[in-house]
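First the structure, in the form of C-alpha cells, and then the observations on it.
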Amino acid sequence: MPIFALVDCNNFYASCEKLFDPKLAGKPVVVLSNNDGCVVARSAEVKALGIPMGVPWFKIQKEARQYGIVAFSSNYALYADMSNRVVEVLGQFSPSLEVYSIDESFLDLTGFLQNLAEYGQAIRQRIQQWLGLAVCVGIAPTKTLAKLANHCAKKGLAGQQGVCDFITMTEADLSRLFARIEVGEVWGVGRRLQARQAQLGISTVQQLREADPDLIRARFSVVLERTVRELRGVSCLELEEVAPDKQQIMCSRSFGQYVYEREGLEEVIATYVSRAAEKLRQQSSLAGALTLFIRTNPFSQEPHYQRSLTIPLPEATEDTRVLVTWAVKVLRRIYRRGFAYQKAGVMLSELRPQKMAQASLFADPDIERSHRLMATLDIINQRWGRGALRTAAEGLEKPWQMKRLRLSPGYTTDWEGMPVVGCRSEGER
DNA sequence: TCTGGGGTCCTAGGACCC
DNA sequence: TCTGGGGTCCTAGGACCC
C-alpha cells in the first residue's frame with residue numbers, strides 16, 4: 001500500500017510576512033493580490049475575525065481600521081524563496097517528493113516502518129525550528145485522502161497538533177469522521193460539483209465515498225469517479241516528482257491605471273510577451289501560436305469591450321523580438337479606440353521542445369544568432385534583475401504598472417531588504 | 001477611486017476522412 | 001424502397017486547483 005504525506009504551510013503568505021517583522025506577532029495580517037486588489041492570504045487572527053478569502057480590500061476598510069489589520073502587497077520573491085527552503089528541509093524526510101504548489105508538497109512515505117504520526121511531528125518540528133513556519137501534515141494511502149487528512153489536521157478534527165494519520169485509524173472512525181465533513185472539502189470538488197451532488201443527496205464526504213463509482217462516472221465524469229475510488233483508499237493518482245513542461249504559458253495582468261491609447265497597450269503587450277518568452281526559454285521550448293486579449297473593467301459602468309485573437313506563428317520561435325512583432329500586429333487587429341482598458345494578457349501555446357527543432361534551427365545562421373542573443377539576454381537579466389535589458393517596445397515610464405503600495409522588503413532576496421539585528425549604524429551610535 | 005494570475009484536464013459537438 | 005460505420009482532429013466551454 002502506498003503512503004502519502006501532504007505537508008501544507010499554514011497561512012503561507014501571511015506567515016512569511018510575519019516571520020521577518022516581530023512587531024506583527026499576534027496582529028491580524030492580510031496579503032493582497034496584484035494591484036492590491038483582493039485578500040489572498042489571511043493570518044489566523046484575520047480568519048478569526050470572519051474576513052473571507054478573496055474579498056476586495058477596499059470593501060473591508062472599515063474592519064481593517066477597527067481591528068488594525070496590517071495589509072501587504074504580494075511579495076512573490078520572498079514567498080518563492082521561503083518555499084524553496086521548506087522543500088529543501090522536506091527533502092530530508094523522503095527521497096521522493098512532489099512540489100504541488102508554492103506551499104504544499106506530497107511526500108512518498110511508502111514502506112516507512114516508523115510511527116507515521118510521530119514522523120509527521122518530526123517534520124513539523126524541524127520546519128518550525130529551522131524556518132519559523134508552521135505546517136500541517138496529513139498522512140493517508142492516497143493523495144486525495146492525504147489532502148483530506150491535512151484538512152483534518154488543520155481544523156483539529158482528527159489527529160493531534162497539526163498531524164493527522166488516516167492509516168492507523170479504523171474504518172469505523174473514518175466513517176464517523178467523514179460523515180462530519182462537507183463534500184466540498186474534497187480535493188476536486190468545487191462549488192459547482194458540490195451543488196450538483198447535493199441534488200443527488202450527496203452532501204458529506206462519507207456519502208460521496210459510498211456512492212457507486214459507475215453512477216458517478218455516468219452523472220459526472222471519470223475525474224470524479226477517480227476521486228470516489230481515492231476516497232475509498234484505492235490510489236489512482238501517482239506522485240509526480242518531475243513537473244512536466246507547460247503546454248501553455250501565460251502572462252496577464254490588470255493595470256495600475258487605465259490605458260486608452262494603442263501605443264500604451266503596445267508597451268504593455270511587449271512587456272507581457274517578454275515575460276512569457278522568458279518562461280518559454282526557461283523550459284527550452286518554442287511557441288507555435290500566440291493569443292492576445294485585451295479588456296475593459298468588467299465591474300465599471302463605462303462601456304465594455306473585450307476581445308481575444310489567436311494566430312499560428314509561421315515558424316515556432318523563442319525569440320522575444322519575433323513574438324513582440326506578431327503580438328503588436330494582433331493588437332492592431334483587436335484594438336478599438338475609445339475604451340478604458342484595464343487588463344491585457346498574452347498566451348503562448350502549441351509549445352514544443354527546442355531540441356526537436358534543432359536540426360533545422362541551427363542550420364540557419366540567423367536562428368543560431370537569435371538563440372544566442374536570447375540566451376545572453378536571459379543571463380544578463382538573471383544577473384542584474386528582470387527588465388535590466390529589454391526591447392525598446394516595452395517603454396520606459398510604464399505608468400500602467402501594477403500597484404504594490406504595501407510591499408514588504410525582500411528580506412531574503414535583496415541586500416537592501418535584509419533584516420538587521422542588534423546593531424546600529426554609525427550615526428546612531 | 002479600488003474586484004488576481006496561471007495553470008490542468010475532460011467532454012461534447014462539428015468537420016472531415018475512408 | 002433504400003440513406004453506414006468508425007475513426008481522428010479541433011475547438012469551445014466547463015470544471016477544477018492554488
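In what follows, every chain begins at residue 1, and chains take the letters A, B, ... in the order their sequences are listed. Keep in mind it's a predicted model, so treat the numbers as computed, not measured.
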### Task
Determine the Euclidean distance between corresponding P atoms of B:dT3 and C:dC18; express it in Å to zero decimal places.
25 Å
Using atom [atom1] of [X] as one end and atom [atom2] of [N] as the other, report the distance to the nearest whole Å.
X	N	atom1	atom2	answer
A:Arg275	B:dG4	CZ	P	20 Å
A:Leu193	B:dC9	CG	P	17 Å
A:Met402	B:dT3	CE	C1'	16 Å
A:Glu225	B:dT11	CD	P	10 Å
A:Asp36	B:dT1	CG	P	18 Å
A:Gln248	C:dA12	CD	C1'	13 Å
A:Arg253	B:dG4	CZ	P	13 Å
A:Tyr258	B:dT3	OH	P	6 Å

Would you indicate what [X] reaches in the nucleic acid, counting non-hydrogen atoms under 4.0 angstrom: base, sugar-phosphate, or nothing?
X	result
A:Val55	nothing
A:Gln247	sugar-phosphate
A:Val186	sugar-phosphate
A:Trp57	nothing
A:Arg191	sugar-phosphate
A:Ile102	nothing
A:Lys343	sugar-phosphate
A:Ile249	sugar-phosphate
A:Tyr272	nothing

### Message
In the structure I gave you, are the side-chain heavy atoms of A:Glu397 and A:Glu267 within less than 4.5 Å of one another anywhere?
### Response
no
### Task
Taking the side chain as every heavy atom from C-beta outward, state whether A:Val86 and A:Val7 have any atom pair closer than 4.5 Å.
no
### Message
Checking the side chain of A:Asp319 only, and the main-chain atoms of A:Arg321 only, is there a donor and an acceptor separated by less than 3.5 Å?
### Response
yes
Which nucleotide, [options], lies nearest any side-chain atom of [X]?
X	options	value
A:Ser252	B:dC10, C:dC18, B:dG5	B:dG5
A:Val222	B:dG5, C:dA15, B:dT11	B:dT11
A:Ser33	B:dG4, B:dG7, B:dT3	B:dG4
A:Phe58	C:dC18, B:dT3, C:dA15	B:dT3
A:Asp103	C:dC16, C:dC18, B:dC10	C:dC18

#### Entry: Pair listing, ring pair (Phe, Tyr, Trp, His ring centres under 6.0 Å) test, anchored in residues 387-416 of chain A, at least two apart
A:Phe20-A:Tyr411
For the residue pair [Y] / [X], report whether a side-chain donor-acceptor contact shorter than 3.5 Å exists.
X	Y	result
A:Tyr341	A:Glu261	no
A:Gln194	A:Glu182	yes
A:Glu45	A:Ser43	yes

### Task
Answer yes or no: does a side-chain N or O of A:Lys147 lie under 4.0 Å from OP1 or OP2 of C:dC18?
yes
### Query
For B:dG7, does either OP1 or OP2 sit under 4.0 Å from a side-chain N or O belonging to A:Lys279?
yes
## Note on the structure
Exactly one candidate in A:Glu17, A:Lys18, A:Lys47, A:Arg42 meets side-chain hydrogen bond (donor to acceptor under 3.5 Å, both in side chains) with A:Asn11; the answer is A:Lys47
#### Entry: Under the 3.5 Å Watson-Crick or G-U criterion, the dot-bracket string of DNA chain C, with | for inter-strand pairs
....||||||||||||||
### Query
Of A:Ser221 and A:Met53, whose nearest nucleotide on DNA chain B comes first from the 5' end?
A:Met53
### A:Phe220 or A:Arg295, whichever maps to the more 5' nucleotide of DNA chain B
A:Arg295
### Task
Please confirm whether A:Phe93 and A:Phe112 have ring centers closer than 6.0 angstrom.
no
